[in-house]
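Below: one structure, written as structure tokens.
Residue numbers start at 1 and run along the sequence shown.
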Amino acid sequence: MGARVSMLIYSMKPDHDGGVAIVDSDSQELVLAYEAEKDSFPRYSVFNPVNMLEAAGRLDRMPDVFAVSGWGKPTLAPNNSIGAGYDGVSGDHRESRWASVFGQRIRVFSSTHALSHIWSSYGMSPYEQGEPCYALVWEGALGDFYEIDSQLDVHHLGQVMKAPGNKYSFLYSLADPASALPRGHVRYSDPGKLMALCGYGESGTPTAEEWDLIDALLEHPSFLDLAKDDLRDSRYHDIGLRSPAFTRLARRFSDELFHRFERFARANLTKGYPLLVSGGCGLNCDWNSAWRSSGLFEDVFVPPCVNDTGSAIGTAVDAMRHFTGKAKISWDVYRGQEFVDDTPDMPDVVVHDLDLAEVADFLARDHVVAWANGRCEIGPRALGNRSLLAAPFSRDMTTRLNKIKNREDFRPIAPICLEEDVERHFVWRGPSPHMLYFQAVRDPGLEAVTHVDGTTRVQTVRADQNPLIHGLLTRFRDRTGTGVLCNTSLNYHGSGFINRTSDLYEYCKRYGVDAFVYQGRFCRFR
């Protein structure tokens with residue numbers, strides 16, 4: 001460990017869900033999390049020169065450390081891995097060296113992709129540094145448990161399954177007639193869609209036919225040599241996504257995947273430590289809820305950037321731990337890019353100063369409002385700063401929002417709710433600020449945000465977290481009696497969050513959104 005205790009760390013994550021994180025070790029603050037897909041770039045974008053330059057523009061001096069999240073060989077560097085590589089958590093799985101960058105001597109640090117997940121969840125968690133924790137990394141490639149001890153040493157407790165996320169994704173493509181999935185590939189959007197379809201299925205003991213496919217996929221040794229056509233003789237090959245046989249299989253496949261991890265945890269994670277969840281499987285609200293209710297852990301923490309969008313943050317935390325001994329950061333979910341007001345010509349728009357009561361009344365009359373305020377959220381979930389908002393009372397609103405977003409009709413719409421009212425409307429107590437758990441819906445009037453199985457994934461809001469959204473929900477409650485709104489992400493289909501006025505205006509015109517809010521303005525079409 002080096003002698004320096006104050007460092008500015010500029011961390012980069014390559015490949016899909018790429019981006020930059022800037023951490024100041026002196027204040028232990030996450031200064032910026034800049035994600036490649038945000039500002040209407042394609043979803044799951046790789047780290048690119050735009051990110052490099054725009055994030056660097058936030059700094060007034062050269063960083064002390066350039067950190068690079070480790071990655072594997074296939075796409076970026078066919079002759080070697082990126083930095084420290086993909087897997088492994090020992091001291092041998094980190095690299096640190098001096099380099100000349102723009103004529104200055106700079107530390108270059110790298111640690112593995114596995115470590116990027118572990119330290120992102122640890123550094124962002126609410127637990128004191130030194131409190132032992134368990135860590136689960138389950139994602140496209142990795143399915144492993146770890147223990148972080150009081151000295152910040154990471155111990156591998158065992159691998160439960162290779163490629164759980166990729167296997168979950170593969171099942172959706174298997175049934176989708178529109179998918180011709182080649183060997184070793186996945187579509188990154190498929191897991192979220194399969195999670196929605198599981199709500200249409202029925203839990204229970206799998207049939208012999210279901211077991212055959214469940215075991216074949218979950219026990220497959222290497223996803224990289226699996227193609228959809230390898231299972232062309234399966235009953236479920238191109239069966240159709242809404243087929244009752246497939247939705248039942250999807251539910252039971254999802255249950256069994258979780259149960260294999262739970263059985264390992266019950267046998268091997270017996271100290272009751274808090275559980276840190278990381279990796280793309282941490283976006284599965286059903287599994288997060290099951291960990292929370294399992295009784296195995298003192299607490300469960302899932303960060304909002306639980307997938308690879310948090311990897312640059314995790315590598316920055318690991319670099320800070322390596323050089324300074326500090327492994328905790330201060331953060332909130334709105335540390336992404338600032339909104340860009342590029343002032344387009346909007347001749348068909350009437351602009352008012354923002355009046356929350358006026359917007360609440362507009363929403364109560366079943367209009368849809370695009371809301372862009374402050375900095376982007378970190379991670380993939382819209383949490384009130386890049387959101388499409390609407391009244392939550394009618395199933396017709398679910399249909400309209402999915403049509404605006406060009407999404408499948410089986411996809412649910414999530415609610416955003418005043419934290420103080422959450423028990424009134426949902427079977428839940430306390431905060432759920434990042435939309436990462438399922439709740440049963442208690443209020444039968446919330447048809448637009450109730451999935452077919454009677455659940456939803458609520459985001460709760462306090463005034464100190466997001467004053468404008470909390471104020472809007474309060475005014476909407478004054479108007480309707482209910483402090484709940486529909487909240488779905490503000491983005492073009494296949495792109496990251498909208499982050500500039502020109503895109504906001506064009507999007508609303510193209511898709512028939514009734515009004516939009518940005519930077520203290522309420523804009524209605526004539």
Side-chain angles (χ1 to χ4, degrees), residues 195-196 199 283 285-286 288-289 292-293 300 302-304 332-334 356-357 359-374 377 379-398 400-402 411-490 517:
M195 184 171 67
L283 292 172
C285 298
D286 185 36
N288 291 341
S289 299
R292 192 172 184 266
S293 62
V300 176
V302 188
D332 63 62
V333 77
Y334 308 112
L356 296 179
V359 179
D361 180 72
F362 191 72
L363 288 165
R365 289 183 279 119
D366 277 336
H367 295 299
V368 177
V369 174
W371 182 281
N373 175 67
E377 298 89 336
R381 299 266 161 87
L383 299 170
N385 276 16
R386 300 293 183 273
S387 294
L388 280 175
L389 303 175
F393 306 120
S394 169
R395 184 68 63 186
D396 290 340
M397 185 58 74
T398 312
R400 184 182 176 196
L401 289 171
N402 276 331
R411 302 283 292 277
I413 298 296
I416 188 167
C417 176
L418 292 167
E419 184 179 308
E420 58 265 35
D421 287 356
V422 67
E423 288 186 73
R424 173 184 165 194
H425 302 291
F426 309 99
V427 181
W428 186 264
R429 177 174 296 177
S432 178
H434 302 136
M435 208 183 285
L436 289 166
Y437 296 95
F438 278 146
Q439 298 85 13
V441 179
R442 186 173 267 146
D443 183 346
L446 300 179
E447 292 185 3
V449 296
T450 303
H451 197 33
V452 65
D453 61 354
T455 67
T456 195
R457 57 182 192 195
V458 70
Q459 179 200 354
T460 60
V461 181
R462 296 193 309 267
D464 62 312
Q465 293 168 334
N466 195 323
L468 276 178
I469 285 291
H470 187 274
L472 178 64
L473 287 165
T474 302
R475 303 308 189 282
F476 190 76
R477 183 181 61 185
D478 294 342
R479 172 68 168 75
T480 67
T482 301
V484 180
L485 287 168
C486 295
N487 173 27
T488 188
S489 57
L490 176 59
V517 169

For [X], enumerate each residue passing the salt bridge (Lys or Arg N to Asp or Glu O under 4.0 Å) test, keeping only those at least two apart in sequence or located in another chain.
| X | result |
| --- | --- |
| R442 | none |
| D453 | none |
| R477 | D421 |
| D366 | none |

[Y] and [X], any side-chain heavy atoms less than 4.5 Å apart:
| X | Y | answer |
| --- | --- | --- |
| R457 | R381 | yes |
| V302 | H434 | no |
| N373 | V517 | no |
| N487 | L389 | yes |
| V333 | P433 | no |
| C486 | L401 | yes |
| R424 | D443 | no |

My understanding is that only residues two or more places apart in sequence, or in another chain, count here; which of them pass side chain to side chain contact (heavy atoms under 4.5 Å, CB included) with R292? W428, Y437
Once side chain to side chain contact (heavy atoms under 4.5 Å, CB included) is applied, do any residues pair with R475, and if so which ones, sequence neighbours excluded?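 Testing R475 for side chain to side chain contact (heavy atoms under 4.5 Å, CB included), a comparison that skips the adjacent residues, returns L356, A360, D478.
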Take R400 and D396 through the test salt bridge (charged side-chain N to carboxylate O under 4.0 Å, His left out) and record every step on the way to the result. CA-CA 6 Å; R400 184 182 176 196; D396 290 340; over 6 Å; no
[Y] backbone acceptor or donor facing [X] side chain under 3.5 Å:
| X | Y | value |
| --- | --- | --- |
| T480 | T482 | yes |
| Y334 | Q465 | no |
| H451 | A196 | yes |
| R462 | P467 | no |
| T460 | S432 | yes |
| Q439 | V458 | yes |

Quick check: are there more than 12 heavy atoms from other residues, nucleotides or ligands sitting under 6.0 Å from CZ of R429?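 No, the 6.0 Å shell around CZ holds no more than 12 heavy atoms from other groups.
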Audit row: V449, V441, side-chain contact (heavy atoms from CB on, under 4.5 Å) steps and yes/no: CA-CA 9 Å; V449 296; V441 179; 5.6 Å; no
Taking all non-hydrogen atoms of both residues into account, name the closest pair between G374 and R386 and its distance. O-NH2, 2.8 Å
